[in-house]
Enquirer: 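Just dropping this structure here.
Numbering of ligands and ligand atoms starts at 1, following listing order.
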Amino acid sequence: MAHSPSLPDRPRLDLDPDMSDTERLEALREHFAEILQVHDELTEQLDSAGSRRDELRTEADRLERENEALKTSSLYIATVEELSDGEAIVKQHGNNQEVLTELPPSMEEDLTAGDRVAVNDSFGIQTILDGETDARAQAMEVDESPDVTYGDIGGIDEQIREVREAVEEPLINPEKFREAGIEPPSGVLLYGPPGTGKTMLAKAVANETDATFIKMAGSELVRKFIGEGSRLVRDLFELATEREPAIIFIDEIDAIAAKRTESKTSGDAEVQRTMMQLLSEMDGFEARGEVRIIAATNRFDMLDRAILRPGRFDRLIEVPEPDFDGREQILRIHTRGMNLADDVDFTELAGETEGHSGAEMASIATEAGMFAIREDRTDVRMSDFEAAIEKLEEDSAGDPITSPGYVDYAY
Ligand SMILES: Nc1ncnc2c1ncn2[C@@H]1O[C@H](COP(=O)(O)OP(=O)(O)OP(=O)(O)O)[C@@H](O)[C@H]1O
């Protein structure tokens, strides 16, 4: 904080009774001059205090605006663990951080331990969530306008064409199908190894058709929302109908639609109920208008064939690992914004990355950029890409899931 400047000393007037009139006059003149000087100094201090006040006012306005923005920004989800005397211990979901927070008086009566609440950055409780809103919000990722385009996806042009034909056409030109007297595919299943662009494809279709993208992960339904699976599947289709045109994307569908014999959770009636709900939603699908459904799996071999019957996921599209040209294209896409040195040779890099997925090609590009930054350079060189490939191979050597040779699925 700035200190206030000290005030000038008050001028003293010392008049000696023995002074002559001339001396008195001189002393008075001097005193007057001193008073004028003090006056000037005080005026100057007043001016600078005035401008400091203006500065503080601007700062206060800015803080107020920031405060408003904070109040309206995103909230975190937490669970109330204990309540006592106007205070509560809440535990934030995700990072499990526990915090003691003061209760707003208006909420004291309504809150009980175990309630789920929305808290702001300073853990102030903003609202009490009902269970339904909370699970729905957590289980589904809703994106009104995803920004992925077909141009961002490399090496799977044929798959893009097939998805456009099966999902985009029926949404944009439904009359074409009516006139030709054919039913568009009900659901599209994308299958293939991890990180090959399946999610990107679904997002790009939503973008291209101005549809809302609604994603649900099968594995989360089984792991996180035990007992809520079938209700959430119903909610998923309900939400899509509310937001149509919409693309429903069910990732890792094998988690809820595995063959009984192979599923680890085969005995789990809950998983079975979730799958039955999905099938019944899909069977009543035609009436739903502008909603299209895409699912993805890395484990095609595990799927219960019931979900592949006509009227359900009846268009299967394999999304394989990128080939030589695909890897080159993906690298080009992910280095579009980079400052590349002249020696970067994409063809050579594509040759050195056999067996790597699209996601791995993307991480090679990012890692190469990091190597350049670490060396304080702004251009990314061939040697950075080579170091990035080496790092990726070292990192995945001990990890059978991401290592290039992983072929645990059979089609
Ligand atoms: N064909 C591709 N073209 C460009 N980038 C790609 C491609 N495939 C993967 N990527 C990169 O990898 C990331 C992950 O890809 P995506 O989520 O689409 O894979 P996925 O097939 O859905 O994987 P998973 O089966 O693990 O869910 C993308 O965000 C993108 O950066």
Enquirer: For atom 25 (O) of ligand 1, which candidate among Thr196, Ile333, Asn298, Thr199 holds the nearest heavy atom?
Expert: Asn298
Enquirer: Ignoring angles and geometry beyond distance, decide whether Ala362 reaches within less than 3.5 Å of ligand 1 through its nitrogen or oxygen atoms.
Expert: no
Enquirer: Have a look at Gly358, Gly154, Gly197 and point out the one with the heavy atom closest to atom 1 (N) of ligand 1.
Expert: Gly154
Enquirer: In ligand 1, which numbered atoms sit nearer than 4.0 Å to a non-hydrogen atom of Pro194?
Expert: 23 (O), 25 (O), 26 (O)
Enquirer: Under the salt bridge (Lys or Arg N to Asp or Glu O under 4.0 Å) test, which residues partner Asp254, sequence neighbours left out?
Expert: none
Enquirer: Would you mind listing every side chain to side chain donor-acceptor pair (under 3.5 Å) that reaches into residues 333-343, with sequence neighbours excluded?
Expert: Asp152-Arg336
Enquirer: Indicate yes or no for a side-chain donor-acceptor contact from Arg312 to the backbone of Ile307 under 3.5 Å, with no hydrogens or angles considered.
Expert: no
Enquirer: Is Arg327 reaching over with its side chain to a backbone N or O of Thr353, donor-acceptor style, under 3.5 angstrom?
Expert: yes
Enquirer: Any chance CD of Glu109 has more than 12 other-residue heavy atoms, nucleotides or ligands included, within less than 6.0 Å?
Expert: no
Enquirer: Nearest protein heavy-atom contact for atom 30 (C) of ligand 1: which residue, which atom, what distance?
Expert: Met200 SD, 3.6 Å
Enquirer: Under 4.0 Å from a heavy atom of Ile153: give me the atoms of ligand 1 that qualify, with their elements.
Expert: 1 (N), 3 (N)
Enquirer: Less than 6.0 angstrom from the centroid, inside 45 degrees of the normal: does Arg29 satisfy that with respect to the ring of Phe32?
Expert: no
Enquirer: Have a look at Gly195, Gly155, Ala359 and point out the one with the heavy atom closest to atom 23 (O) of ligand 1.
Expert: Gly195
Enquirer: Does a side-chain N-to-carboxylate-O contact under 4.0 Å join Lys391 and Glu394?
Expert: no
Enquirer: Is the NZ or CZ atom of Arg305 positioned over Phe300's six-membered ring, under 6.0 angstrom from the centre and within 45° of the axis?
Expert: yes
Enquirer: As an exercise, identify every atom of ligand 1 less than 4.0 angstrom from a heavy atom of Asp152.
Expert: 3 (N), 4 (C)
Enquirer: Ligand 1 versus Asp251, non-hydrogen atoms closer than 4.0 Å: side chain, backbone, both, neither?
Expert: side chain
Enquirer: Please state which part of Leu190 comes within less than 4.0 Å of ligand 1, counting heavy atoms only: side chain, backbone, both or neither.
Expert: neither
Enquirer: What part of His334 sits under 4.0 Å from ligand 1 if we count only heavy atoms: the side chain, the backbone, both or neither?
Expert: side chain
Enquirer: Please state which option from Gln159, Lys198, Glu321 has its nearest heavy atom closest to atom 21 (O) of ligand 1.
Expert: Lys198
